[in-house]
Amino acid sequence: MSAEIKSHLTDLLTQSLASVAPQTPASIIALERPKQAAHGDWACNVAMQLAKQLKRKPRELAQALIAGLPASPWLECAELAGPGFINLRLNPAAKLDAVRAALAAGVRYGRADTGHGRPVLLEFVSANPTGPLHVGHGRQAALGDAISALLQAQNWKVTREFYYNDAGAQIDNLALSVQARAREQRGEAVSFPESGYHGEYIREIAADYLAHNGDPGDLASVRRFAVAALRREQDEDLKAFGVKFDNYYLESSLYTDGKVEATVSALIASGKTYEHDGALWLRTTDYGDDKDRVMRKSDGSHTYFVPDVAYHVTKWQRGFAHAVNIQGSDHHGTVARVRAGLQALGEVTGAGIPRDYPDYVLHKMVTVMKGGEEVKLSKRAGSYVTLRDLIDEVGRDAVRFFLVSRKADTEFVFDIDLAKSQTEDNPVYYVQYAHARICSVLAQAGAQVQSAHTDGLAPLTLPRELALARRLGEFPEILADAARALAPHQVAFYLRELAGEFHSYYNAERILVADEGLKRARLALILAVRQVLQNGLSLLGVSAPEKM
RNA sequence: GUGCCCGUAGCUCAAUCGGAUAGAGCACCAGCCUUCUAAGCUGGGGGUUGUGGGUUCGAUCCCCGCCGGGCACGCCA
């Protein structure tokens with residue numbers, strides 16, 4: 001395994017350092033993958049970092065460290081380079097070990113145990129049940145599901161949760177909007193609510209409500225019907241997108257369970273609240289917020305801030321010492337607020353919730369372009385592009401791959417025309433195509449695939465073959481890094497590169513050659529590539545088709 | 001005005017904990033199908049990393065100023 005090789009190399013350098021500079025702690029030794037292949041398989045910068053401290057020239061120190069390296073069965077050579085880098089080059093056997101590892105581990109290849117089975121709660125999408133899911137929710141769903149999968153692959157016990165804001169003023173607004181449309185459809189003269197939802201879907205729900213013999217005068221009934229209808233629609237959209245949640249948490253339950261009141265009481269007991277202008281405030285500025293927040297309005301109702309805090313308390317109480325919230329960056333203002341609320345509660349409960357709880361992944365907005373113009377994402381205008389639109393037009397795999405192919409904190413320009421007209425240029429097809437090609441070769445090899453032995457890899461000597469093997473060996477590191485950074489785009493880029501190296505190899509060499517030993521070795525290699533492509537695509541929620 | 005985030009090739013984006021000559025794709029130009037899938041491959045031109053300083057062996061990355069863009073600044077959610 002690559003991890004074993006890395007620790008083996010670190011070990012060699014540690015031994016050398018101990019003889020060259022006995023007083024120096026070995027913990028400073030770090031290995032990195034050089035960007036350029038010419039710089040070997042691993043590089044170490046320890047000589048430059050220690051040069052000043054040891055009062056020696058970096059290159060001279062590096063040379064001494066190289067000279068002191070013990071013999072190794074995997075190390076081909078160590079070279080001094082640049083200002084004092086030590087470049088380590090692995091021999092073919094070490095590189096090809098990744099092929100053996102990938103085939104031995106199968107679908108588990110790339111996994112690790114950094115999570116140690118600890119529970120972690122991921123909250124994402126959390127759309128209000130006031131309209132269909134839009135593209136921004138899609139980015140969040142794709143990100144959240146991929147991050148969940150990455151953490152699971154590191155042996156975290158992941159719970160995916162969707163929080164429904166089904167208790168606030170926007171739900172009243174929804175009910176009034178549907179009621180007004182229903183009355184219109186009955187031929188009554190009504191004035192549509194000033195801040196009502198203007199989307200076409202409101203009319204559809206109203207018509208459906210009437211078709212089910214609903215009474216437009218019964219607002220509570222309208223409300224229940226509308227919320228149920230929109231939740232159903234959102235569920236269907238998520239299903240079509242391939243995203244499943246383990247739990248749905250309803251904001252309304254925080255009220256019916258008394259958790260909102262309990263939170264208010266506890267915050268008052270914390271001594272961090274005060275009355276002002278008839279409202280109850282929390283001194284969140286004591287915990288880093290830039291202004292104090294109202295908890296209870298002068299009319300006696302609560303601001304959304306209180307159930308938010310109550311909700312996050314339940315995360316902690318439910319045993320999630322780790323929690324990740326995936327949200328649009330337009331909500332970044334809530335981060336300091338929620339954390340401050342939790343800290344204030346800690347004054348009375350002594351819960352010991354960390355100051356940086358929960359963790360946040362904030363993603364920038366998705367700008368949708370169509371016909372060369374921006375489509376405004378306005379729920380009230382009812383003209384935004386829905387997630388369903390995108391899936392229908394572009395395809396599920398492409399949308400998912402595309403949406404996780406960029407860092408979360410960069411703005412996303414999704415050009416629908418481009419995505420539709422250039423479907424063939426979408427990177428997801430490039431990666432999937434590599435997988436399909438391998439499947440095709442394997443199908444022609446037929447029963448010979450069974451004879452692909454990982455103990456006969458020695459015939460693989462071409463630079464392209466060793467580069468592919470080396471790339472396979474990187475996969476576990478990529479997954480560990482991506483999980484640590486909560487950044488699935490790293491996996492997407494890795495897959496693009498792996499697929500590229502495979503296509504290049506495929507075009508240059510023939511797999512099914514006459515030489516039996518070489519053929520078996522090459523079959524083993526592409527079997528391993530296929531496995532890694534499958535594992536990686538699966539983490540991103542993208543299918544790995546056998547034919548295209 | 002204050003806070004947070006972003007600024008990299010014509011376009012869309014990478015760049016690990018501060019590493020070596022800043023990389024891909026698209027687009028453009030020139031080639032490759034009698035051969036396991038051409039949704040592919042090979043080669044080429046493309047850059048003062050917004051800008052000015054600082055820190056150091058070394059800065060796209062860290063610190064400060066400025067310019068440009070986004071978001072948030074409510075007893076809305």
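All chains are named by letter (A, B, ...) in the order of the sequence lines, taking the proteins before the strands, and each is independently numbered beginning at 1.
- In this structure, A:D292 and A:S405 both approach RNA chain B, and ranking their closest nucleotides by distance from the 5' end singles out A:S405.
- Distance A:R89 CZ to B:rA20 P: 16 Å, rounded to the nearest Å.
- Between A:R464 and A:S298, the residue anchored closer to the 5' end of RNA chain B is A:R464, taking for each the nucleotide with the nearest heavy atom.
- Between the base of B:rA20 and the side chain of A:N45 there is no donor-acceptor pair shorter than 3.5 Å.
- We find that A:R223 and A:D172 are joined by a salt bridge, their nearest charged nitrogen and carboxylate oxygen being less than 4.0 Å apart.
- For the OP1/OP2 pair of B:rU37 and a distance below 4.0 Å, the side-chain nitrogens and oxygens of A:Q444 include at least one atom meeting the criterion.
- Within 4.0 Å of A:Q327, counting heavy atoms only, lies no atom of the nucleic acid at all.
- Under a cutoff of 6.0 Å and an axis angle of 45°, A:R339 and A:Y357 do not form a cation-pi pair.
- Applying the 90° cutoff around 0 to the glycosidic angle, B:rC33 is assigned syn.
- As rounded to whole Å, 7 Å separates atom P of B:rA77 from atom OH of A:Y304.
- Taking only side-chain nitrogens and oxygens, A:Y163 never comes nearer than 4.0 Å to OP1 or OP2 of B:rA77.
- With hydrogens and angles ignored, no donor-acceptor pair under 3.5 angstrom links the side chain of A:Y429 to the base of B:rA39.
- A cation-pi arrangement, defined by a distance under 6.0 Å to the six-membered ring centre and an angle within 45 degrees of its axis, is present between A:R406 and A:F412.
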Using nucleotides 2-6 of chain B, report all nitrogen or oxygen pairs with the protein that are shorter than 3.5 Å.
{"from": "B:rG3", "atom 1": "N2", "to": "A:H332", "atom 2": "NE2", "distance (Å)": "2.8"}
{"from": "B:rC5", "atom 1": "O2'", "to": "A:K364", "atom 2": "NZ", "distance (Å)": "2.9"}
{"from": "B:rC5", "atom 1": "O2", "to": "A:K364", "atom 2": "NZ", "distance (Å)": "3.4"}
{"from": "B:rC6", "atom 1": "O4'", "to": "A:K364", "atom 2": "NZ", "distance (Å)": "3.3"}

Dot-bracket notation for RNA chain B, counting Watson-Crick and G-U pairs under 3.5 Å, with | for partners on another strand: (((((((..((((.....[...)))).(((((.......))))).....(((((..]....))))))))))))....
